[in-house]
There are 2 protein chains.
Amino acid sequence: MFANMETLLPLKIETSIGADHVRLARLAKALSHPVRVFVLEFLSRRACCYSGDLSDLLPIAKSTLSQHLRELKDAGLIQGELEAPKVRYCLRRDNWEQARALFGDFLGLEA
Amino acid sequence: MFANMETLLPLKIETSIGADHVRLARLAKALSHPVRVFVLEFLSRRACCYSGDLSDLLPIAKSTLSQHLRELKDAGLIQGELEAPKVRYCLRRDNWEQARALFGDFLGLEA
DNA sequence: CATCCTGTTCGTATGTTCGCGAACATCGGC
DNA sequence: GCCGATGTTCGCGAACATACGAACAGGATG
């Protein structure tokens, strides 16, 4: 047997899955629900929108929408600011660009 | 109140989430784990590979890898053929192209 | 200050994902 | 016909995801 058996696993990790794989998977997870895809597409066209705009369009409870928005926020893809009684959501352009770059690289696409 | 209140929800569905949102979310879900991202990237470079090749590289149990491969197969992104004692996995180019098109459209990227 | 409007958070229920080892299936070779 | 090599499927527990309504928070407005 190998004396350094316990070192093999870390070696495997290094030589296979890297930070970009994890990052891309994290982004893909954020995109892994139709509602979140819709929200991102919606926001990528308009500059910003209110939570209520989305709630009017989507056939889900407000609490559910709020949860999806939080996931997008946690993934760094959107940001929300309290504005009067409403909440204004915008795309986070910096991370959106990073996402485009990562997916583009992975899929062999370009801007 | 509206007399046709019960028709509003289907209307919402039609006017918001469409088939492409669902399709993209389905693909994103397949990409939502680092191991699956790695496998796809690996396969997109080489034409095909054996399950054992991946097992040698990845720090996970074979049964776990098999599960991830099945998910990619269910998503239509890869195909596996039994070849002697091994299993040969290849990218499904047709659906891979469709995935590239969907993501490209969504992200505003071109081939 | 009470109220309304807009969203978020909480609690809960239900199902899905992830990882493993054990057991099983399949095929070539002895 | 049995064995070994290679993967898949099964069964399980822990963790996470999805959805909802009820309850809560914060700011404008009467």
Side-chain angles (χ1 to χ4, degrees), chain A residues 5-6 8-10 12-13 16-17 21-22 25-40 42-43 48-75 77-90, chain B residues 8-9 12-13 16-17 21-22 24-40 42-43 48-75 77-90:
Chain A
M5 189 63 144
E6 66 282 358
L8 285 176
L9 193 142
K12 277 189 178 183
I13 290 176
S16 56
I17 292 176
H21 296 113
V22 174
R26 179 76 188 80
L27 289 169
K29 194 171 190 154
L31 288 176
S32 71
H33 192 288
V35 165
R36 297 197 288 269
V37 172
F38 173 79
V39 169
L40 281 180
F42 192 79
L43 280 178
C48 292
C49 78
Y50 295 107
S51 179
D53 300 342
L54 296 166
S55 188
D56 289 343
L57 290 172
L58 292 165
I60 57 175
K62 285 182 183 180
S63 56
T64 306
L65 172 61
S66 205
Q67 204 172 287
H68 285 302
L69 291 172
R70 168 138 70 149
E71 276 185 59
L72 289 174
K73 200 155 88 178
D74 288 348
L77 290 169
I78 66 172
Q79 64 191 123
E81 308 155 27
L82 189 61
E83 190 170 296
K86 301 185 174 185
V87 178
R88 182 189 204 78
Y89 280 100
C90 308
Chain B
L8 285 177
L9 192 140
K12 277 188 179 183
I13 290 175
S16 55
I17 292 175
H21 296 113
V22 174
L24 192 59
R26 180 77 188 77
L27 289 169
K29 192 164 185 164
L31 287 175
S32 70
H33 192 288
V35 165
R36 297 196 289 268
V37 172
F38 173 80
V39 169
L40 281 180
F42 192 80
L43 280 178
C48 292
C49 78
Y50 295 107
S51 180
D53 299 343
L54 296 166
S55 187
D56 288 344
L57 290 171
L58 292 164
I60 58 175
K62 284 182 183 181
S63 56
T64 306
L65 172 61
S66 205
Q67 200 172 288
H68 285 303
L69 290 172
R70 169 137 70 148
E71 277 184 60
L72 290 175
K73 199 155 87 177
D74 288 348
L77 289 170
I78 66 172
Q79 63 191 121
E81 307 156 28
L82 190 61
E83 191 170 297
K86 302 185 174 184
V87 178
R88 181 189 205 76
Y89 280 99
C90 309

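Any value given below was found using the heavy atoms of this structure, including those in side chains, with hydrogens, waters and symmetry copies removed. A note on names: the letters A, B, ... follow the listed sequences, proteins ahead of strands, and every chain is numbered from 1.
- Protein atom NZ of A/K86 is 14 Å distant from nucleotide atom C1' of C/dC4, rounded to whole Å.
- Of all nucleotides listed (D/dG7, D/dA19, C/dG21), D/dG7 comes nearest to the side chain of B/S51.
- The interatomic distance linking A/R88 (CZ) with C/dG7 (C1') rounds to 16 Å, in whole Å.
- Judged by distance alone, with hydrogens and angles left aside, the side-chain atoms of A/D56 form no donor-acceptor pair with the main-chain N or O of A/D53 at under 3.5 Å.
- With rounding to whole Å, B/H68 atom NE2 is found 12 Å from C/dC20 atom C1'.
- Proximity of A/R70 to the phosphate of C/dC10: no side-chain N or O atom is located under 4.0 Å from OP1 or OP2.
- In this entry the distance linking CG of B/D74 with P of C/dC18 reads 13 Å, nearest Å.
- Taking every side-chain heavy atom of B/Q67 into account, C/dG19 is the closest of D/dT8, C/dG19, D/dC20.
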Which atom pairs, one a donor and one an acceptor, fall under 3.5 Å between side chains of residues 25-40 of chain B and the rest of the protein, sequence neighbours left out?
residue: B/S32; atom: OG; partner: B/K29; partner atom: O; Å: 2.6
residue: B/S32; atom: OG; partner: B/R36; partner atom: NH2; Å: 3.4
residue: B/H33; atom: ND1; partner: B/V35; partner atom: N; Å: 3.1
residue: B/R36; atom: NE; partner: B/A30; partner atom: O; Å: 2.8
residue: B/R36; atom: NH1; partner: B/H68; partner atom: ND1; Å: 2.9
residue: B/R36; atom: NH1; partner: B/E71; partner atom: OE1; Å: 3.2
residue: B/R36; atom: NH1; partner: B/E71; partner atom: OE2; Å: 3.4
residue: B/R36; atom: NH2; partner: B/K29; partner atom: O; Å: 3.3

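- Within 4.0 Å of B/L82, counting heavy atoms only, lie sugar-phosphate atoms of the nucleic acid but no base atom.
- Atom-to-atom, OH of A/Y50 to P of C/dG7 comes out at 9 Å; the value is rounded to the nearest Å.
- In this structure, A/R36 and B/D53 both approach DNA chain D, and ranking their closest nucleotides by distance from the 5' end singles out B/D53.
- With rounding to whole Å, B/D56 atom CG is found 15 Å from D/dA5 atom P.
- The side chain of A/H33 approaches D/dA19 more closely than any other nucleotide in the set C/dT6, C/dC18, D/dA19.
- Comparing D/dC20, C/dC18, D/dT8 against the side chain of A/T64 picks out D/dC20 as the nearest.
- Residue contacts for B/K29: at a heavy-atom cut-off of 4.0 Å it reaches the sugar-phosphate backbone alone, with no base atom in range.
- No donor-acceptor pair under 3.5 Å is formed between the side chain of A/S16 and the backbone N or O of B/L58.
- In this structure, CD1 of B/I17 is placed 12 Å from P of D/dT18, rounded to the nearest angstrom.
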Begin with the C-alpha distance, continue with both residues' side-chain angles, and end with the deciding distance and a verdict on side chain to side chain contact (heavy atoms under 4.5 Å, CB included) for B/L54 and B/L69. CA-CA 10 Å; B/L54 296 166; B/L69 290 172; 4.0 Å; yes

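- Where B/S63 and A/Y89 each meet DNA chain C at their nearest nucleotide, the meeting point lying more 5' is that of A/Y89.
- The nucleotide whose nearest atom lies closest to any side-chain atom of A/A61 is, among D/dG27, C/dT8, D/dG21, D/dG21.
- Residue B/S66 places its side chain closer to D/dT9 than to any other of C/dT6, D/dT9, C/dC18.
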Starting from the C-alpha separation in whole Å, work towards a yes-or-no answer on side chain to side chain contact (heavy atoms under 4.5 Å, CB included) for B/Y89 and B/L72. CA-CA 11 Å; B/Y89 280 99; B/L72 290 175; over 6 Å; no

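- The separation between B/K62 atom NZ and C/dA25 atom C1' is 14 Å, rounded to whole Å.
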